[in-house]
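Report on the structure given below.
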Amino acid sequence: MTSSNFLARAPPAVQTDSLLAKLNEPQAAAVSSPAKPILVLAGAGSGKTRVLVHRVAWLIARENVSPLSIIAVTFTNKAAAEMRGRIESLLRLPGNALWIGTFHGLAHRLLRLHWQEARLPQTFQILDSDDQLRLIKKVIKALELDDTRWVPKDIQYFINAQKDEGRRPKALGDDGDPTRRTMIRVYQAYEDACQKNGVIDFAELLLRSFETLRDFPPLLEHYQRRFRHVLVDEFQDTNAIQYQWVRLLAGRDSMPFVVGDDDQSIYGWRGARVENIQRYQRDYPGTTVFRLEQNYRSTATILNAANALIANNSERMGKTLWTDGERGEPIRVYAAFNERDEAAFIVERIHEWRRLGGRLQDCAILYRSNAQSRALEEAFIQTVPKIPYKVYGGQRFFERAEIKDALAYLRLLSNRRDDGSFERVVNLPTRGIGAKSLDLVRDTAKAQGLSMWEASATAITAGSLGPKGGASLHAFLALIERLGRETAGLALHEIVDKVISNSGLIDHFRKEKGERGEGRIENLEELVSAARGFQHEDAEEGMSELDSFLAHAVLESGEGQAGEWEDCVQMMTLHTAKGLEFPLVFMCGLEDGLFPHQRSINDIGGLEEERRLAYVGVTRAMRRLYVTYAEQRRLHGVDQFGTPSRFIAEIPPELIEEVRPRVQVSRSLYSGANTAGSSARDGWGTRETYGGHGDRWGGGDRRSSASSPGGYTRPSAPTTSAPRQSAAMIEPDNGTGLKLGQRVRHGRFGDGVVLRIDGNGQGAQVEVNFERAGRKVLMAAYANLQPI
DNA sequence: GCATGCAGCACTGCA
DNA sequence: TGCTGCATGC
């Protein structure tokens, strides 16, 4: 080393310390590892992002790696943005110096750069899953298949699954199975349609960019030489094609740095392969594995619960989280009577949290499915003072119908051949172009291999449409052409503004009755501001600002727009919560059938994935964790009776404190009663007679068959028999022949539903909610209840 | 061609 | 419960 070089840098030892100073030993070892394939198994809360960010910093600042030769891949835009921000602040580098992005985002970038090699039109657009489904329906129709037998959703799943595995229709064999043969035929026809329209779906982004690299050696070589360092986050969630993509890009001499946690693999149902972690170690012999097990997030109690829970899974790589922090509070479990009681309980706890100075944004309510949010939202609105909240997920901004309508106009401006967009807006607002005219246009398009746009023009010229339809269609084409001319050279937001007003969309929604239309107009206006705030980065890639905006609209669901930082409770599904942390967490709806989800309950793989989801949930909590379930739940308008989730029973009882109802409460909390919402303030206690009775948790012998976390033996694969512990907990063999939720008939009171069984045998008390007579507590010995 | 009403169905979710 | 898609009637 020459002296000038030496002088150019500060003394290495000091600087090295400064980058590694705040890291623990395995973190520092991973960050500063010499270049070779690395796998970091990072437990929840163990500083995974920190390691990734520091690794990048290390490479640049210590190994003299050019930022241009680093590519970092994440799964969500949020994660990518966070990583980018942290690298920027750590290194004071402009964020776009290195390639950081989601798999889809980076694949998209490659395709934009190399659209010719990828055999795509330069203006290709991306279909979201709705668009995809729409197109598949069209294809099914065009093939004259019966869409009750060939369910579009199933076909969509089939196609995406094939693409996720990297399989093209031509490479698929039908194994002599005619069903499969047809599926493949639809797949092929769908691909043709995409190609013709110049659109690609999400899975195609990955597959196409993979194939493009693979099939153009000079291109591949270029990127392999460029990206010496490939970093991948959430590696356990990669699917087959993503894995191949990484392998291809990394090439033979590159040293991938991948971070993952097999215990947090929760996307198996959409093609993620946990096995990729093992496979990585096989494909890259000499991989160094670092385990991050020290947790900086949660209390020891929470971690112990998480460890015990996940220990029930087989085939783990094995990791045990630990902390040198405090033991913390017990996990509180609350058995709610119904979902409204559950919500009332949560509301009360949040009031309490707030009274004691807690911030709302530190509270998260996690649930298995989005449908559960409604009862909670109602409770937040009704309580005094109101609790502000934000629901994440659900309907996303760019997926709203009115937004997609506006985008369809914009897409059509950019690409007249986009048939999907054409069909979406050709008669929206209605302008007298009916099914008949469109059928004719479609036929023309099909027969002559034209786009809908071209076919329209042809049909108009040929005069094959009726005078009215022809004129209307002509007016539509003229409208688009005029918009195209008038928007030329305008700023993006001006284009959007002009299009939504001149297309008639605003007027159309204004006519819509009530608040709904107003909301839609507000959303359209929001789209204009989104356009105003849009930063066009792809100028060098020869893409118009509009095209770039449209592409990003699909790739970004539009989270994080208005009202970002009001202090409010965070509500989201367990899936959405991955990667986040909150001081106070409520996991609610822990009932068998809801969580674990009914779909997964009979299959060991599915059940284990649900358990990992529970693990993810528990490990979101930093200080305080509540777990709730409802004995009765109204979902999709039907009452269901649940038993507590088996996952509750898998948490060691010594870590749990059961919250008992304290206050008597009006009957309005009971589902089915009509006096809505009057009692949220009464507290969360629900039942007059229910509260006192003992062992909802099965008392001392509850875990006799289970045992402590250490000596726990897994049950064999669940069969059709009742779940291991919950059965004992909530449906003891009570000798009455009755069980909760069962419908029964009584001589005098008529038909009803069993709400509660106290005690055993003929001495048992049974509470029944009769349809006509209301709730009654009866002695099993005398009531003579007949199951019906 | 368009509005209205009814039947069917909903399940986790990120690009 | 609430949305979507289809069928019916004007």
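All chains are named by letter (A, B, ...) in the order of the sequence lines, taking the proteins before the strands, and each is independently numbered beginning at 1.
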- Item | Chi angles and distances behind the ring pair (Phe, Tyr, Trp, His ring centres under 6.0 Å) call for A:Tyr629, A:Phe337 | CA-CA 8 Å; A:Tyr629 67 90; A:Phe337 179 71; over 10 Å; no
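- Within the structure, the side chain to side chain donor-acceptor pair (under 3.5 Å) test picks out the following pairs touching residues 198-208 of chain A (sequence neighbours left out): A:Gln132-A:Asp201, A:Lys163-A:Asp201, A:Lys163-A:Glu204, A:Arg168-A:Glu204, A:Tyr190-A:Asp201, A:Gln195-A:Arg208, A:Glu204-A:Arg208.
- An OP1 or OP2 oxygen of B:dA15 is reached within less than 4.0 angstrom by no side-chain nitrogen or oxygen of A:Ser129.
- Checked against side-chain contact (heavy atoms from CB on, under 4.5 Å), A:Ala375 has the following partners two or more places apart in sequence or in another chain: A:Glu339.
- Among A:Lys141, A:Arg442, A:Arg134, A:Lys137, the one residue that satisfies the salt bridge (charged side-chain N to carboxylate O under 4.0 Å, His left out) test with A:Glu423 is A:Arg442.
- Rounded to whole Å, the distance from NZ on A:Lys578 to P on B:dC14 is 11 Å.
- Taking the ring axis of A:Tyr267 as reference, the NZ or CZ atom of A:Arg270 stays within 45° of it and closer than 6.0 Å to the ring centre.
- For B:dG1, one of the phosphate oxygens OP1 or OP2 lies less than 4.0 angstrom from a side-chain nitrogen or oxygen of A:Ser437.
- Distance A:Gln242 CD to B:dC14 C1': 10 Å, rounded to the nearest Å.
- Closest approach to the A:Thr430 side chain among B:dA15, C:dG2, B:dC2 is made by B:dC2 (side chain taken as heavy atoms from C-beta onward).
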Between the protein and nucleotides 4-10 of chain C, list every N/O to N/O distance that falls short of 3.5 Å.
none

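- Rounded to an integer number of Å, the gap from CZ of A:Arg368 to C1' of B:dC11 is 8 Å.
- For the pair A:Arg112 and A:Phe124, the distance from NZ or CZ to the six-membered ring centre is under 6.0 Å and the angle to the ring normal is within 45 degrees.
- Going from atom CG of A:Asp201 over to atom P of B:dA15 covers 16 Å, rounded to whole Å.
- The shortest distance between the side-chain N/O atoms of A:Asn427 and the OP1/OP2 oxygens of B:dC2 is below 4.0 Å.
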